[in-house]
Amino acid sequence: MAEKAKVAFYWCASCGGCEEAVVDLAEDILQVVDKAEIVFWPVAMDFKREDVESLKDEEILVTFINGAVRTSEQEEMVRLLRKKSKILIAFGSCAYTGGVPGLANSYSREEILSFYYKDGDTVFNPDNKRPTPHFIEGNFAFEIPEFYERVYAVDQVVDVDYYIPGCAPTRKVVKNSIDALFSSQIPPKGSVLGASSRSLCSECPLNETKPEKIYLKSFKRIDKSQPESDKCLLIQGYPCLGPVTRGGCEALCVKANYPCTGCFGPVDGVKDYGAKAISFLSSIIDSIDEKEIEKIIDEGLSNPLAIVYRYSLPKSLIFDTKIKKNGG
Amino acid sequence: METYVRTIKYEKELDRSFTKEILSIPGCEGLTNCIQCGTCSGTCPVSIYMDYPPRRIIAMVREGFKDEVLSSKTIWLCASCYACTVECPQNIKITDIMYALKRIAMRERRYPKGFPIPILAKAFFDIVSNKGRQTESKLVMNVWLKISLLKILKNSLFGLKLLRKGKLHFKEEKIKDRESLKLLLEEVKK
Amino acid sequence: MKDNKFEPKILGIFCNWCTYLAADLAGVSRMDYPSNIRIVRTMCSGRVDPQFVLWGFKNGADGILIGGCHPGDCHYIEGNYKTLRRYLILKRILREMGINEKRLRLEWISASEGEKLQRVVREFTEEIRNLGPISEDRAFKLQLAEHKK
Amino acid sequence: MRENRKYFYYPGCSLKGTSLAYEKSLLAVFKYLGFEAPELPDWNCCGATSYMSIDEMSAFSLAVRNLAIAEKEKRDIVAPCSACYMVLNKAKKYVEEYEGVKDVIFKGLEKIGLKEHFKGDVKVRHPLDIFINEIGIENIKAKIKRKLNGVRVFSYYGCLLVRPFTDFDNPRYPTMLDNLVSATGAETIESALKTKCCGGSLTGTLENVGLRLSYLILKEAKRKGAHLIVTVCPLCQFNLEAYQDRMEKIFHDKLGIPVIFFTQILGVAFEIDGKELGFNHSLIYPDILYQKALV
Amino acid sequence: MDKIKGNGEIRVGVYICHCGTNIAGRVNIKEVVEFASKLPYVVVSREYKYMCSDPGQELIKNDIKELKLNRIVVASCSPHLHEHTFRKACEDAGLNPFNFQMANIREHVSWVTKESKEATEKAKAMVRAAVYRVVFHESLERKSQEINPNVLVIGGGIAGISASLVVADSGKKVYLVEREPSIGGHMAKFDKTFPTLDCASCILTPKMTQVKDHPNIELFTYSEIEEVDGYVGNFKVKIRKRARYVDVEKCVGCYACIEACVYKEGKFPDEFNEGLSKRKPIYIPFPQAVPLAAVIDPATCIQFLSGKCKRSCQQACERGAIDFDMRDEIVEVQVGAIIVATGFKTFDPSRIPQYGYGRYQNVYKSIEIERLVNSSGPTGGEVILRDGRKPQSVGIIHCVGSRDKNYNIWCSRVCCMYSLKLAHLIKERTHAEVYCFYIDMRTPGKGYEEFYHKLMEEGVHFIRGKVAEVTDWAITPEEEGKLVIRVEDTLIGVVRRIPVDMVVLAVGLEPQPDADEIRRLLNISCSKEGWFLERHPKLAPVSTFTDGVFIAGACQGPKDIPDTVAQAEAAAAEALSLIDRKKIELEPNTAWIDEEKCSGCHICIGLCPYSAISYNEERKIAVINEALCKGCGVCVAACPSKAAQQRLFLDDQIYAEIEGALL
């Protein structure tokens, strides 16, 4: 039997949910494990950076990276793993499209830091200290990674072979992806693994409940009202992003009576998820009066950015640029 | 043996810069649109006393007939009733153009000698510039003095009549804050 | 171009039936306006996908002018109302992204309004010129920011 | 935003001079109708027409000083003298319309600390406008005590009230004054001359020109059988009344037509005392208004 | 620029047009050609004096054959002008016409840019945009559509009548809709026509009768257009036939009902006679009316006002044509083309108070005089004042409401000539002194100037000057009781006062007050003055920007009868040539749904203004009926999963164009 394929996992700016997702694979993982040898997985096993550096280039078969890139350390690690891996996979929304951390791109670094170290209500920082890369306390010198001006999706830092969407990717999606990878004919580079090619409505049980034509006089907020459970959330007025979001999750949220927030990102061909989302949402507003339209938006879609770019701001056309070596 | 006046106009006698100057003055920009329809002259209550009707003045200004325009009585006869301005089919502010011409004529001292209107204007100007308000009795006196003592005598009865009816009085009108008025006028003169 | 004043790039996305024709009319009537604007034609302003706008900014437009038929006059009955709705949200999105929303403008200009087209293009170009290059807006600063080690 | 604006009364030089009657009657009528308009503090000459023929900018600045003072108090201006009314409005309009004018004038205002008070928000209005559009014909009718039936009035507008900046009446064929006068029960006469120029300042300078203009109007009034002429402008009133005997000599025509201010005829209809209405200043007394027959 | 999907090797040819000096005068052509030659996929880049000329097109055709070009870009004028020309050229050379893109560097560049340098830069950008775009173009099939052979003509004046007859004579069905109770329009009111002075009704009446008798013309009088639906070749039109309370089929115009009316005398202003005479509540507009049928005006008829009339008219009608219960009815017709001939309205001179219209009874509108001099008019052709006097002196004032920024800025084009005509007729009938007050005498037309000379010989006084005022203000004894015209005689340079008995105001022409409603119904455009906008002022004078809708006569701008008829027949010809194509090829810019992508989310369905999109239950996706799709692209912009796409306006094409324009 040939030597096992080497596999690595790494996390950048993420909540850890994606790591959980990997663990959740349970027996599925075993089947991976006996196919493969895990050479790097900081969250679960004790490896050091040196272990990776010691590997030959492209020695790792697959590396799964979750989380977005915001610090110099994350950038270094991602570049390093890229070098050592044959296949690099952006795992989960953050790695794929920037994810929730990516929303930070609607603030400058300075705004963020001064809020967390100065202006925030709960901040106590009398001598106004800020973390800096070379940080000296008494006669100790600390090296902490640099906090970049913005958040990057992994493919804005290094070349990515495949994407696995989801916050976090569901067990089914991960399984499909892995099957796809080890299947006879490997999918074309850059493709999104394990998910559907259509948007969520195609697999949503509530799609049936839609009327022929959809118009909305107002938008509801899920945190302010309770949707009926057996009726399409969009037609109830909740900005459900199912229509613009890649399917594959089997409408988990909707089944839980919660509108889709778009973690699977856009379907192929859509350049900017958020722009598409507002395009379809605004199109079905049922008013031709400017004032009234303004009102509908202000009441139901205030801070639209957070609604439509919840997982993909760094991949929005405006922000979709490759990182310069070592940050911006 | 009568003499014949040559009226031919040579291009070199025209002053195009004059036209440009007028065009640059607020209110005079419409000048070039004139279609010579004569509405201005027709509506003007005093055009019948003018040496050139307003229509011709416009035409002459447009073509740079500076001397004719500035020495014409027309501009002084304009009582600025704005009838022409309202009726002009090209919305040319003819009254404003007349004002502009008056000012230039004053500047260049081109108005007819002893012609009372510029004198009135001048007198009016001086009093207001100093006092901020007009005192009609004083104004009338100053003007008549400048024109001719005879006029004063001729009008003395008239004056008395007005005095008797309290239409004239010699109490001088003036504003309190003459300082700031002075400042204001100096500033805008710059 | 003129001295070394900042000359913005303006993208015009005009509907085929009103604003594009207004631009033709302005041409026929020789009404000059700043050459900064580059006009792209769609059949209806309702074809304008918000993605086009972001794509325009990404590709260096400092300002984008969408032109459609007057309300009620749309050649396709009500395409321009959809444009209006998208535009109104899009402006909010731009604001939150850190792009000056003034850089996007929607105007109703009918086929006969050559003067209006001239006026609007002049105004808009001047306005954007005063706003300065879009690279100065926060959204673009973020990605241009240099990180010194 | 402009609801229930307050007003300043801007007399202008004439109402302090030849036209005291106008001031008296106007204020009397305002008082009777309960319309408040204190005199504009330290007002100055509007920069009248002859001033404009020397130095336009100075003229504008004079006018705008008044406007600024009023705007400072958030009040509009009531200007009874047609010339003032026109000049003040013109200055306001030109400051709005012409950058060049604006810059100079604002420099001036800055010097005297009025710049920040002047946004061009102030309105300049004529009492006639106030009566018609603020107080309202109906309310005035209601307050009339003495009907002037049988009095034939030639309501004469002159030039500058209706031209060129008026927005409350048709500059080519105004009717507001006629409406107001007929409210008193008097009968008004239709005439093409109601907006013809009275000769203005020409009467004082080029008598033969000015007087003829005035004469034609008086002649037409007589021809149409008017008992008296009602005017809205000090200069018109003066030209038409003061020179009548002189005209009679020049044109060999019997005139003697009373020429009064519209505020005076209103006053009579309100039965305000003749003295308060300044009839003591009249050169030709309008007896007709007090004939028993009327009552 | 994005990589493009594999539709073979791309070979682009770019052609820059000088358009004489129109473009070359401002744009540095050499530079642009040079620039274009370096753009991706460009195989050849050429310039030519006039690309639209045959040699210009040959250039393209040859290159397509010789150099195997499969994409063409022409940078010249607006696509609205010549897109079809160049597509045709491509087609002739065997290249699918939709592999073509046009860059508008005339209307949008050379004509609107002062600086040559700026113009050149902008031209480059536009060319680059076109090249980037064309790369993504693909071959398309034109869809064709049956054309309904019927024609709708709106307006029954001389324009509508002429157009209808031309179309009907060619064997096509015409629906002629007129708002008034009779066709004939303004021309029916005239007595003579300039400059030939032939009698208007003598030449018009026969045409009106032809219309009535024509087997192919269906006449709707007293009717208005309610709704227009559909598009070129297939319009559905709803016509409201207003109740005239007299059955046109039964009525023979015997006047019996009118004589029988309880009103013994006419009591209400007669519209046709401009109020110079009175009519009864039931009336026939004029003796030559078509249809020759009575009409009841409910606003004045006692039966309608009180319901208590003894209806003597009804009893008097042997044929029982009168029906008080008649209601408006809506008729729907289908047509392939529409000719708009809604005409004009005359300027209302009471807007110019100083001319005294409405104040002085002897001040008339020209159109009133037309009735006065008309032998069938209220005075049997006698020119008399309202008090019955014959005028000794008449002043005709030109340009009333025209050439005046306070009213209408345009020249109404017919006033000078009809004033001359009226001057002649008045002089002929009254031997009065006639004065014409004009600003400029405009007589551009066959025999017009000659007519002017004739009038001068007849001794009409021509005074050049715009009249300042018309008053009853008498200064001298001989002015007493007259109307005094005050004007500067600008040729002499003095102001004159001219007392006359009668003043005629030569009122100008204005757009119909409801032109804007028609415009919306047909979705065509108006100039800012309110005249209907032609597709091109010179090259497409009767077409509009809406295919299948044509304009004729004064609704497009002031016009005299000869021009109107010429234009009407041109419009008819356009309509016929359209119809005779039997089929029209539609621009293939329709939208379609990519079934692989559509998730059946329903978003697009409600957005289509033509209900072209529906939901397919078993396949669970949206489907577009491309026959109904007009290609606005609203659904494409809204589709959240890029399933809806539009031909000729693919996302990738637009992205590329934007990129090219901005780069």
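Everything numeric here is computed off the predicted structure, so don't read it as measured data. Letters A, B, ... are given to chains in the order of the sequence lines, protein chains preceding strands, and every chain is numbered from 1.
- When each of D/Gly100, D/Ala242, D/Gly200 is scored by its heavy-atom pairs under 4.5 Å with chain B, the top score falls to D/Ala242.
- Between chain D and the options B/Cys44, B/Ala105, B/Ala83, heavy-atom pairs under 4.5 Å are most frequent for B/Ala83.
- Among B/Asp96, B/Leu183, B/Leu101, B/Ile127, the residue with the largest count of heavy-atom pairs under 4.5 Å with chain D is B/Asp96.
- Between the side chains of D/Tyr9 and D/Glu23, a donor-acceptor pair is found at a separation under 3.5 Å.
- Using the six-membered ring where Trp is involved, D/Phe165 and D/Tyr94 have ring planes that are perpendicular, over 60° apart on the 30 and 60° scheme.
- At a 4.5 Å heavy-atom cutoff, the contact between B/Leu184 and chain D is made by backbone and side-chain atoms alike.
- Residue contact with chain D, scored on non-hydrogen atoms closer than 4.5 Å, involves the backbone and the side chain of B/Leu77 alike.
- If you measure heavy-atom distances from D/Val104 to chain B, the contacts under 4.5 Å come from both the backbone and the side chain.
- For D/Thr195, no part lies under 4.5 angstrom from a heavy atom of chain B.
- A salt bridge is absent between B/Lys9 and B/Glu63: the closest approach of a Lys/Arg side-chain nitrogen to an acidic carboxylate oxygen does not fall below 4.0 angstrom.
- The local environment of NZ in D/Lys102 is sparse, with at most 12 non-hydrogen atoms from other residues, nucleotides or ligands closer than 6.0 Å.
- Proximity to chain D is limited to the side chain of B/Glu173, based on heavy atoms less than 4.5 angstrom apart.
- The contact between B/Lys93 and chain D is made entirely by side chain atoms (from C-beta outward), counting heavy-atom distances below 4.5 Å.
- When each of B/Met106, B/Lys161, B/Glu179 is checked for heavy-atom pairs under 4.5 Å with chain D, B/Lys161 comes out on top.
- Other residues, nucleotides and ligands contribute at most 12 non-hydrogen atoms within 6.0 Å of the NZ atom of D/Lys93.
- For D/Glu110, no part sits under 4.5 Å from any heavy atom of chain B, backbone or side chain.
- If you check the side chains of D/Asp169 and D/Thr166, you find no donor sitting under 3.5 Å from an acceptor.
- Look at D/Glu241 and B/Lys167 and you find a salt bridge, because one of the NZ, NE, NH1 or NH2 atoms lies within 4.0 Å of a carboxylate O, short of that distance.
- Contacts between B/Val86 and chain D at a heavy-atom distance below 4.5 Å involve backbone atoms as well as side-chain atoms.
- No part of D/Lys196 comes within reach of chain B, as not one of its non-hydrogen atoms sits under 4.5 angstrom from that chain.
- Contacts of D/Asp245 with chain B are made by side-chain atoms alone, with heavy-atom separations under 4.5 Å and no backbone atom involved.
- Using a 4.0 Å cut-off between charged nitrogen and carboxylate oxygen, B/Lys66 and B/Glu68 do not count as a salt-bridge pair.
- Nearest heavy-atom pair, B/Cys78 versus B/Met50, reported as atom, atom and distance to 0.1 Å: N-CE, 4.1 Å.
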